Amino acid sequence: MDSVPSETRPAPLPLPLHKGEVPLYMETGKAYPRAVAGLFRSVKWWTMLLTLAWWHLGPLLRWDRGPGAPDQAILIDLPGRRAYVLFIEIWPQEIYYLTGILAISAILLFLMSAVAGRVWCGFICWQTVYTDLFVWVEKQVVGDRNQRIAFDRTPMSGSKLAKLAAINLAWAAISLACGVGFTLWFGDAFQMLRDIFTFNASVPVYVFIVVLGGFCFLLAGYARERVCVYLCPYSRFQAAMFDEHSLIITYEAWRGEPGGPARKGQSFEGRGHCVDCRACIQACPTGIDIRRGNQLACIGCALCIDACDSVMDRYDLPRGLISYDSSANVEARGKGGAGRLRIIRPRTLIYGGVMALVATIMTVRLVSRPDVDVNVLHERSPLFVQMSDGSIRNGYVYKVLNMKAEDRTFRVSLEGAAGATMDVVGGESHVSQVSLQVPRDSVGTFRVYVSTPFDKVTAKAMPLTFVLEGSSRTIRSESLFAGPEK
Ligand code: SF4
Ligand code: SF4
């Protein structure tokens with residue numbers, strides 16, 4: 001195994017997940033994860049590829065919404081205060097859709113944790129993905145674990161400085177690409193790319209890219225596993241989502257102990273299969289020893305499984321001394337029984353049920369959503385005016401939200417004020433019904449005056465209803481008509 005002294009950092013956090021206090025911070029030094037090969041490493045490479053591809057190429061996907069409408073499949077249009085997800089268009093007043101999407105994502109994370117532990121952290125989380133990529137860069141420039149430890153211990157020289165510069169420049173380029181990728185979700189991606197690279201984008205866009213890229217550089221380049229252990233709240237409350245049947249990274253102590261150094265070809269009769277080679281610790285991106293039990297710092301990346309499996313192969317021992325397993329199975333096998341995968345259990349059923357419920361509510365709401373909305377605001381100052389012919393006039397701001405991808409004309413009439421007529425500023429005058437034109441995907445704002453003969457005003461505040469027709473449903477908006485006290 002590794003010829004460099006393995007105690008390159010202080011003892012890892014000896015923190016069983018289900019008991020004891022967790023310190024707010026404990027410096028454990030820099031981890032030097034050794035490169036491994038195996039099933040989980042391959043899965044991690046593919047996940048990294050897919051995650052980065054989605055992050056950077058996702059905004060380039062198109063979706064035809066008709067002429068004049070944005071054709072980006074997923075777009076968060078902050079200036080236009082709109083979000084587009086394929087055929088769904090979310091208006092500011094429909095923010096509950098985003099809440100629903102966030103709720104489903106959170107419950108999905110709970111479900112994933114209940115079934116397979118920190119699989120999100122180990123494979124999909126951006127912190128993991130970018131840290132993995134940054135470590136790969138270090139390996140290309142300096143070498144694997146041993147070379148990196150030696151490199152950090154050598155005094156500064158011209159060649160060391162050049163290598164440090166190369167690593168940091170490569171990290172900076174990846175970080176900027178991360179910042180650009182994130183920015184593209186907030187505007188037309190092709191146009192933004194043109195603007196960014198021809199220096200025609202707005203200052204906030206560049207600030208956004210630099211800030212986000214800066215975070216990527218610092219968190220993945222220098223903070224690394226400290227983010228997962230100390231910054232990310234998920235690592236602190238994940239224990240509440242696990243139970244004894246959750247699949248987590250486990251060391252099968254019943255099989256591994258009592259362990260100790262061993263020679264190839266020797267008999268393992270009467271002793272454990274762990275040869276104390278520390279390959280699992282050296283492969284670990286957080287530098288912990290999984291043989292000490294489940295720990296807060298374990299992000300569930302499964303690289304120690306690959307490392308240990310290759311050791312088991314070398315000694316002709318069965319694989320799986322470290323494996324994805326539940327603590328219930330480990331206990332059962334320790335007592336000579338057989339393990340059993342239990343994915344369907346009360347916890348997973350509750351998470352799945354709640355997720356299905358939220359998804360159903362959102363789907364029903366989406367299918368039955370109106371394509372028009374109205375807002376009426378009674379002007380307060382003054383509440384009313386008396387005209388030269390004695391009639392009483394009230395002013396209103398009438399807003400019509402046309403959520404369809406076509407220009408529309410709506411008819412608006414009144415209920416509740418006898419003999420009332422309407423005047424629309426810049427439109428029809430003295431009519432009992434007005435026509436309002438509202439362009440596609442926009443809010444039409446109209447100033448409407450309602451006038452009533454003096455003798456028809458019977459109270460200081462009479463109920464008045466605006467009735468809008470011309471859409472799939474008639475919309476009645478309650479308001480008041482103010483007049484003098486009689
Ligand atoms: S103990 Fe294993 S699964 Fe946990 S972080 Fe380390 S290498 Fe990954
Ligand atoms: S890699 Fe396997 S055999 Fe080596 S120390 Fe870790 S658990 Fe023991």
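Every value quoted in this text rests on a predicted model; they were computed, and no experiment measured them.
In this structure, Arg393 CZ and Phe384 CZ are separated by 13.0 Å, a value rounded to the nearest 0.5 Å.
Within the 4.5 Å cutoff, the side chain of Tyr396 has heavy atoms near those of the Ser479 side chain. By the 4.5 Å heavy-atom criterion applied to side chains, Leu464 and Leu414 are counted as neighbours. Tyr206 has its side chain out of reach of Val211: every pair of non-hydrogen atoms, C-beta onward, lies at least 4.5 Å apart. Looking only at side-chain heavy atoms (C-beta outward), Pro285 and Val135 stay at 4.5 Å or farther from each other. The shortest side-chain heavy-atom distance between Tyr324 and Phe40 falls under the 4.5 Å cut-off. Counting heavy atoms from C-beta on, the side chains of Thr421 and Val450 never come closer than 4.5 Å. Looking at Arg82 and Ile90, their side chains never come closer than 4.5 Å, going by heavy atoms from C-beta outward. Within the 4.5 Å cutoff, the side chain of Asp371 has heavy atoms near those of the Ser471 side chain.
In this model, a donor atom of one side chain and an acceptor atom of the other lie less than 3.5 Å apart for Thr465 and Glu478. Defined by atom type and a distance below 3.5 Å, a donor-acceptor pair is missing between the side-chain atoms of Arg408 and Gln437. Neither side chain, Asp144 nor Tyr32, offers a donor N or O lying under 3.5 Å from an acceptor on the other.
In Trp91, the CH2 atom is crowded: over 12 heavy atoms of neighbouring residues, nucleotides or ligands sit closer than 6.0 Å. For CG of Leu60, the number of neighbouring non-hydrogen atoms (other residues, nucleotides, ligands) closer than 6.0 Å is greater than 12. Other residues, nucleotides and ligands contribute more than 12 heavy atoms inside 6.0 Å of the CH2 atom of Trp45. In Arg62, the CZ atom is crowded: over 12 heavy atoms of neighbouring residues, nucleotides or ligands sit closer than 6.0 Å.
Checked against ring pair (Phe, Tyr, Trp, His ring centres under 6.0 Å), Tyr96 has no partners two or more places apart in sequence or in another chain.
Look at Asp152 and Lys30 and you find a salt bridge, because one of the NZ, NE, NH1 or NH2 atoms lies within 4.0 Å of a carboxylate O, short of that distance. Ion pairing between a basic and an acidic side chain is recognised when a charged N comes within 4.0 Å of a carboxylate O; Arg345 and Asp243 show such pairing. Using a 4.0 Å cut-off between a side-chain N of Lys or Arg and a carboxylate O of Asp or Glu, Glu138 and Arg224 qualify as a salt bridge.
Under the 30°/60° scheme for interplanar angles, the aromatic rings of Trp54 and Trp185 are found to be tilted. By the 30° and 60° cut-offs, the orientation of the rings of Tyr398 relative to Phe466 is tilted.
Closest approach of His378 and Gly395 over heavy atoms only: CD2-O, 3.3 Å. Shortest non-hydrogen contact noted between Leu164 and Met156 is CD1-CE, 3.6 Å.
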Can you give the donor-acceptor pairs under 3.5 Å from side chains of residues 422-432 to other protein atoms, not counting sequence neighbours?
residue, atom, partner, partner atom, Å
Glu428, OE2, Ser435, N, 2.8

Sequence neighbours left out, cut at 3.5 Å: what donor-acceptor pairs do the side chains of residues 101-113 make with other protein atoms?
residue, atom, partner, partner atom, Å
Ser105, OG, Ile101, O, 2.8
Ser113, OG, Leu109, O, 2.8
Ser113, OG, Tyr234, OH, 2.2

Note to self: If you apply the rule salt bridge (charged side-chain N to carboxylate O under 4.0 Å, His left out), what do you find for Asp71 with Arg65, and how did you get there?
What the structure shows: CA-CA 6 Å; Asp71 66 348; Arg65 298 187 181 86; over 6 Å; no

